[in-house]
*Asks:* 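This structure is in structure tokens; I'll ask about it shortly.
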Amino acid sequence: MKIPFTKMHGIGNSYIFINVFEFSIEENILADLAKAVSNKDTGIGSDGLILIHPTENAEVGMRIFNKDGSEGKNCGNGLRCVAKYAYEHQLVDSKQFTIETKAGNVSAEVHGERESVDEVTVDMGVPILKRSEIPMLGEDQEQVIAEPFEIRGENLEVTTVSMGNPHAVFFVNDINEAPLTTLGPVIEKDERFPESVNAEFIEQVNDQEIHFRVWERGSGVTLACGTGACASVVASALNGKLDKGKEITVHLAGGDLYITWAEDGRVWMRGKAETTIEGTFFME
Ligand SMILES: N[C@@H](CCC[C@H](N)C(=O)O)C(=O)O
């Protein structure tokens, strides 16, 4: 099977994008396809696979599969790339349009010209804070803010936020000392998170800047996570470290994202999207 693809990334968080507006791929091969394209030795190399698909509920639809073949419900960096692709490939007419995700519809606005979108702003919606909807097991309380979290003998504090996908946020004093590869995979699979979780470590620089590193559910360490950056700004505000309504610069390993948790409760994300390769993938 020959599959045309585009490789794109949002500040280093890369995905193989397949436009299924004109052909279809059988549902039962999608997990294997995600693993195959993500493999840097035998495939293309990426953090996962994203399908850009037609839908009746929005101008364009997005489905995201992690490197291990699991399906995520949302992907901030993927959304910016899908928006760039959709506008540049004339799947949409105007610069502002809606994208369907498994977590609901979002509204995106591209910046730049038809052939060269460089930045995208996305209304990421209202974060979900209720414990049972993260989901996280435990005492039924509305929100999990700086809750003691013992793991592998370490006493951490966790704040949880869902941006349609689950995030566990931990503050650290020095981002370079974050236990990304040691605790990240353990937190991801911790039984307190029945659907697993994306683990974020953040260092608060001041009330306008955050350093950020992520261990992603299903993909491991990535250079950036858009929904994670949104969740981190919300977590930081919930912990009284910054104010709602101000644009926060989140410094990720692959670059910066600009996130605002607006007074009306919605989270806005602005950042780059780039195309690197177009080609054909051969699937046995
Ligand atoms: N990198 C993404 C998030 C991808 C999905 C995530 N790993 C999950 O399983 O929830 C982003 O930019 O948001």
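We count residues from 1, following the sequence as given. Counting convention: from 1, in listed order, for ligands and their atoms alike.
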*Asks:* For the residue pair S162 and E133, confirm or rule out a side-chain donor-acceptor distance under 3.5 Å.
*Replies:* no
*Asks:* If you measure every N/O of N77 against every N/O of ligand 1, is any gap under 3.5 Å?
*Replies:* yes
*Asks:* When you measure from the heavy atoms of N198 to every atom of ligand 1, does any distance fall below 4.0 Å?
*Replies:* yes
*Asks:* W215: heavy atom below 4.0 Å from ligand 1, yes or no?
*Replies:* no
*Asks:* Quick one: do the T276 and H9 side chains pair a donor with an acceptor below 3.5 Å?
*Replies:* no
*Asks:* Can F5 and F281 be said to form a ring-ring contact (aromatic ring centres under 6.0 Å, His included), step by step?
*Replies:* CA-CA 7 Å; F5 75 87; F281 184 69; 7.1 Å; no
*Asks:* Say whether D47 and ligand 1 are in contact under the criterion: heavy-atom distance to a ligand atom below 4.0 Å.
*Replies:* no
*Asks:* Report yes or no: does C225 have a heavy atom closer than 4.0 Å to ligand 1?
*Replies:* yes
*Asks:* Is it the case that the side chains of T222 and E216 hold a donor-acceptor pair, with the cut-off being a distance below 3.5 Å and no angle test?
*Replies:* yes
*Asks:* Looking at I64, which atoms of ligand 1 are within less than 4.0 Å of one of its heavy atoms?
*Replies:* 4 (C), 5 (C)
*Asks:* Any luck finding a side-chain donor-acceptor pair between S38 and D47 under 3.5 Å?
*Replies:* no
*Asks:* Just which atoms of ligand 1 are under 4.0 Å from any heavy atom in N66?
*Replies:* 4 (C), 5 (C), 6 (C), 7 (N), 8 (C), 9 (O)
*Asks:* With a cut-off of 4.0 Å, which atoms of ligand 1 are near a heavy atom of G76?
*Replies:* 11 (C), 12 (O), 13 (O)
*Asks:* Among all the protein's non-hydrogen atoms, which is closest to atom 2 (C) of ligand 1, and how far away is it?
*Replies:* C75 SG, 3.3 Å
*Asks:* Between F17 and Y15, how do the two ring planes meet: parallel, tilted or perpendicular, split at 30° and 60°?
*Replies:* perpendicular
*Asks:* Which protein non-hydrogen atom lies closest to atom 3 (C) of ligand 1, naming both residue and atom, and how far is it?
*Replies:* E216 OE1, 3.5 Å
*Asks:* If we only count heavy atoms from C-beta on, is the E22 to N19 side-chain gap below 4.5 Å?
*Replies:* no
*Asks:* What protein heavy atom lies closest to atom 13 (O) of ligand 1? Include the residue and the distance to one decimal.
*Replies:* T227 OG1, 2.6 Å
*Asks:* Centre of Y258's six-membered ring, under 6.0 Å away, within 45 degrees of the axis: is that where NZ or CZ of R270 sits?
*Replies:* yes
*Asks:* Among protein heavy atoms, which sits nearest to atom 12 (O) of ligand 1, and what does the distance come to when rounded to 0.1 Å?
*Replies:* G226 N, 2.7 Å
*Asks:* Is the distance between the ring centroids of F149 and F170 less than 6.0 Å?
*Replies:* yes
*Asks:* Going by the order shown, which atoms of ligand 1 are within less than 4.0 Å of some heavy atom of Y15?
*Replies:* 1 (N), 2 (C), 4 (C)
*Asks:* Check each atom of ligand 1 against the heavy atoms of N74 and keep those under 4.0 Å away; list them by number with element.
*Replies:* 3 (C), 4 (C), 5 (C)
